[in-house]
Structure formats: structure tokens, C-alpha cells
Amino acid sequence: MTVFDRTVHRLVGRIPPGRVATYGQIAALLGVPRAARAVGSALKRLRAGSPVPWHRVINARGGISLRANLAGMLSQRLLLEREGVRFASERVSLARYRWRGPRRQPLRSLRVLERL
DNA sequence: ATAGTGACCGCGT
DNA sequence: AACGCGGCCACTA
């Protein structure tokens, strides 16, 4: 494990249930816009049983990238559907499910508004 | 130090 | 809309 790996894992850990992010998006949020591929590798290095919600990371086309491992591909889809993410012809609508990135803790006054 | 390897991406057929 | 390429970045052997 490297610093890069842990940084990726930490960020991915903040994606809420029912939402998704793309590899490129994660890379961009980390300040390395073109490291999408490296992000995928970092996720692959996750230890089995890790609490990191790796399944919430998909490719820019809204699809699952685990083409090689068919088993893993199905489980990813299952995990997402279990959270309410719907698939349409092997794809999810990024417009609808894309996570907007980590938000700073809202200001106290704004929090009140959120409850409305 | 270096060459090889992808859970990627955007662009041009 | 699907496919193929080339470029990219971090990691590994």
C-alpha cells in the first residue's frame, strides 16, 4: 500500500450509499485529473473485506469496469442495486447518481435550512 | 533506473 | 452507438 492508494481509499470511503463516482472523478478530486487508471489500480489493491465502498466507483460511461472478473462484476452491480442504483442496459445514469464530491460541513445556519 | 501493466478516458472512425 | 487507439499516471518486478 502506498500513500496514493490510501488517499484514494479515504476519498472513496466518503461516497454515500446510493451514489456513484467515476475513476476519473476521484482522480480529479485528488488533484490528478489524468490518473483515472491509477485509481482503478488502487482500488484493486484493497484487501478483501475492507469497509471501503469500492463498488460505488464506475467508469465514465456509467458502466462497470470489471470485465475480466465476471463474478466481481456481478457483485458490484448487485451491491449498487441493493442501494437503490438502477441500471438501464448495463449502465447507470451519471446525471442522476453521480456523487457531487465531498462537501465541507455546512455552516450552522445553513444546516437549519437543510431541515426544511 | 527502467520497462511493463492496468477496475481509465476522450476523441476520431 | 460501438470500437479502436494513443496517451496518462502510479505501481511493480
Side-chain angles (χ1 to χ4, degrees):
Chain A
M1 297 299 253
T2 67
V3 179
F4 179 78
D5 287 334
R6 278 191 287 275
T7 306
V8 169
H9 299 168
R10 182 161 58 79
L11 180 56
V12 170
R14 301 189 57 165
I15 307 174
R19 313 240 63 183
V20 301
T22 69
Y23 297 95
Q25 183 184 346
I26 295 300
L29 287 170
L30 292 180
V32 197
R34 304 173 199 184
R37 217 168 177 171
V39 168
S41 300
L43 289 182
K44 185 164 66 174
R45 283 172 220 121
L46 271 173
R47 294 183 52 184
S50 155
V52 177
W54 57 271
H55 59 283
R56 309 214 256 248
V57 184
I58 61 182
N59 63 42
R61 291 153 208 185
I64 290 174
S65 288
L66 292 170
R67 281 304 166 65
N69 183 349
L70 184 56
M73 190 192 94
L74 267 68
S75 67
Q76 177 166 15
R77 173 165 178 165
L78 188 62
L79 287 169
L80 284 175
E81 293 184 314
R82 184 177 297 171
E83 299 180 346
V85 176
R86 308 297 296 284
F87 280 72
S89 35
E90 306 291 299
R91 302 201 179 175
V92 314
S93 165
L94 286 175
R96 179 172 172 182
Y97 299 106
R98 189 196 288 279
W99 174 48
R100 296 307 180 183
R103 300 283 159 129
R104 290 291 179 193
Q105 282 301 318
L107 298 180
R108 192 171 191 64
S109 58
L110 294 181
R111 278 191 172 179
V112 177
L113 293 178
E114 281 185 358
R115 293 176 177 277
L116 296 182

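Reminder, nothing fancy here: chain letters follow the sequence lines and each chain counts from 1.
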> Is the shortest heavy-atom distance from the side chain of A:N59 to the side chain of A:I64 under 4.5 Å?
Replying inline: no
>> Counting C-beta onward and ignoring hydrogens, is there a side-chain heavy-atom pair between A:I15 and A:V57 closer than 4.5 Å?
In response: yes
>> Please list all pairs meeting side chain to side chain donor-acceptor pair (under 3.5 Å) that have one or both residues in residues 26-52 of chain A, counting only residues at least two apart or in different chains.
In response: A:D5-A:R45
>> Please give me every residue in residues 19-48 of chain A whose heavy atoms get under 4.0 Å of an atom in DNA chain C, ordered by residue number.
In response: A:V32, A:R34, A:A35, A:R37, A:A38, A:R45
> How do A:R61 and A:L66 order along DNA chain B: which one's closest nucleotide is nearer the 5' end?
Replying inline: A:L66
> Please give, in whole Å, the distance from C:dA1 P to A:R91 CZ?
Replying inline: 8 Å
> What pairs with A:P17 under side-chain contact (heavy atoms from CB on, under 4.5 Å), at least two apart in sequence or on another chain?
Replying inline: A:R56, A:E83
> Contact boundaries of DNA chain B with chain A (under 4.0 Å, heavy atoms), 5' to 3'?
Replying inline: B:dG6 to B:dG10
>> Which residues pass the side-chain hydrogen bond (donor to acceptor under 3.5 Å, both in side chains) test with A:T7, not counting sequence neighbours?
In response: none
>> Can you pull out every side chain to side chain donor-acceptor pair (under 3.5 Å) where at least one residue sits in residues 9-28 of chain A? Sequence neighbours excluded, please.
In response: A:Q25-A:R98
> Does A:L80 reach the side chain of A:I58, with side-chain heavy atoms less than 4.5 Å apart?
Replying inline: yes
> Which heavy atom in A:G13 sits nearest to a heavy atom in A:P53, and how many Å separate them?
Replying inline: CA-CD, 3.7 Å
> Atom CG of A:L11 and atom C1' of C:dA10: how far apart are they, to the nearest Å?
Replying inline: 16 Å
